[in-house]
Protein chains: 2
Amino acid sequence: MTDLNQTFAALSDTTRRAIVARLAEGEAPLAKVAAPFQMSLTAVSKHVRVLSDAGLVSVTKRGRTRYCRIEASPMREAVNWLNDYQRFWDHQLEALGEFLQDENEDV
Amino acid sequence: MTDLNQTFAALSDTTRRAIVARLAEGEAPLAKVAAPFQMSLTAVSKHVRVLSDAGLVSVTKRGRTRYCRIEASPMREAVNWLNDYQRFWDHQLEALGEFLQDENEDV
DNA sequence: ATAATAGTCAACCAATAAGTTCACAAATGG
DNA sequence: CCATTTGTGAACTTATTGGTTGACTATTAT
């Protein structure tokens, strides 16, 4: 699997995006990360594993606690990929595109 | 499934990103979209369906031909989400973060 | 009318994902 | 030493994904 596959797949889950959002506020032990969710700790642990396999999060063991922190560099690649299509998702340029297309329809 | 789930999931596949890249060059009939891939037309058709369900591609039937075009507005939401973490994936700020952390380690 | 083109639909398969539970390990606290 | 906290690992279930093939529909070309 390519890095981009892994990055986008990791971000395609609500729980995992919430974990990223949580970790953006600062490092946190897994138990604290898991607290807001209804699912089992094991399930959250798996989500963190997916994020860490994708390189979006790193986990450091100190004592019996695993501290999770955001490690967002793969996001940069994702954004880079998306930026290649900026002309499609940019509002103003999209309006320009529609204008040009309307012009063409007259021909 | 949320829009973001769908958008990120749609982009988490190499074939589908290649399709998006192809369509960025302009509208194309499904057969042309499928041509570069080894898999069956049915499989490509399914990928296009995933992209179209996610709103990233629209399909218009003219005659017996289905024309596919990029429809990238959902990408905007994805980029918006990622931008919330820009400070993590931005190169220079990341370097700053490491600097600050090194400072802390002295304490 | 017939044949070729463009594509869908349904059925199926193998692999992966997301969750569960239970048993266990390893560190900390009394 | 013993209990508690903080997780991991294995086994299992259910649903989804990505692919196949074969039959079919609809449009165009001869």
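All values reported here derive from a predicted model rather than from experimental measurement. So that the names make sense, note that chain A is the first sequence line, chain B the second, and so on, each numbered from 1.
DNA chain C is contacted by both A/Val50 and B/Lys32; B/Lys32 maps to the nucleotide lying nearer its 5′ end (nearest heavy atom per residue).
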task = If a protein heavy atom is under 4.0 Å from the base, mark B; if only from the sugar-phosphate, S; if neither, -; do that for nucleotides 8-16 of chain C going 5' to 3'.
result = BB-B-----
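With A/Ser45 contributing its side chain and A/Leu41 its backbone, the two residues share no donor-acceptor pair below 3.5 Å.
Residue pairs meeting the side-chain hydrogen bond (donor to acceptor under 3.5 Å, both in side chains) criterion with at least one partner in residues 47-58 of chain B, sequence neighbours excluded, are B/Arg16-B/His47, B/Ser58-B/Glu71. The side-chain hydrogen bond (donor to acceptor under 3.5 Å, both in side chains) pairs that include a residue from residues 17-37 of chain A are A/Arg17-B/Thr2, A/Arg17-B/Asn5, A/Glu27-A/Arg62, where partners are two or more places apart or lie in different chains.
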Could you run down the sub-3.5 Å N/O contacts of the protein with nucleotides 27-30 of chain C?
from	atom 1	to	atom 2	distance (Å)
C/dA27	N3	A/Arg64	NH1	3.2

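Between B/Ala54 and B/Pro74, the closest heavy-atom pair is O-CG, 3.4 Å. Closest approach of A/Phe37 to A/Ala18, counting heavy atoms only: CZ-CB, 3.8 Å.
A/Gln6 has its CD atom 14 Å from the C1' atom of C/dA17, to the nearest Å. Between the CE atom of A/Met39 and the P atom of D/dG7 there is a distance of 16 Å, given to the nearest Å. Atom OH in A/Tyr67 sits roughly 14 Å away from atom P in D/dT8 (whole-Å rounding).
By the side-chain contact (heavy atoms from CB on, under 4.5 Å) test, B/Ala43 is found to be paired with B/Met39, B/Ser40, residues two or more places apart in sequence or in another chain being considered. Under the ring pair (Phe, Tyr, Trp, His ring centres under 6.0 Å) criterion, B/Tyr67 pairs with no residue, sequence neighbours left out.
Partner of B/Ser73 under the side-chain contact (heavy atoms from CB on, under 4.5 Å) criterion, out of B/Glu77, B/Met75, B/Arg76: B/Arg76 alone.
Using a 4.0 Å heavy-atom distance criterion, A/Ser40 is classed as a base contact.
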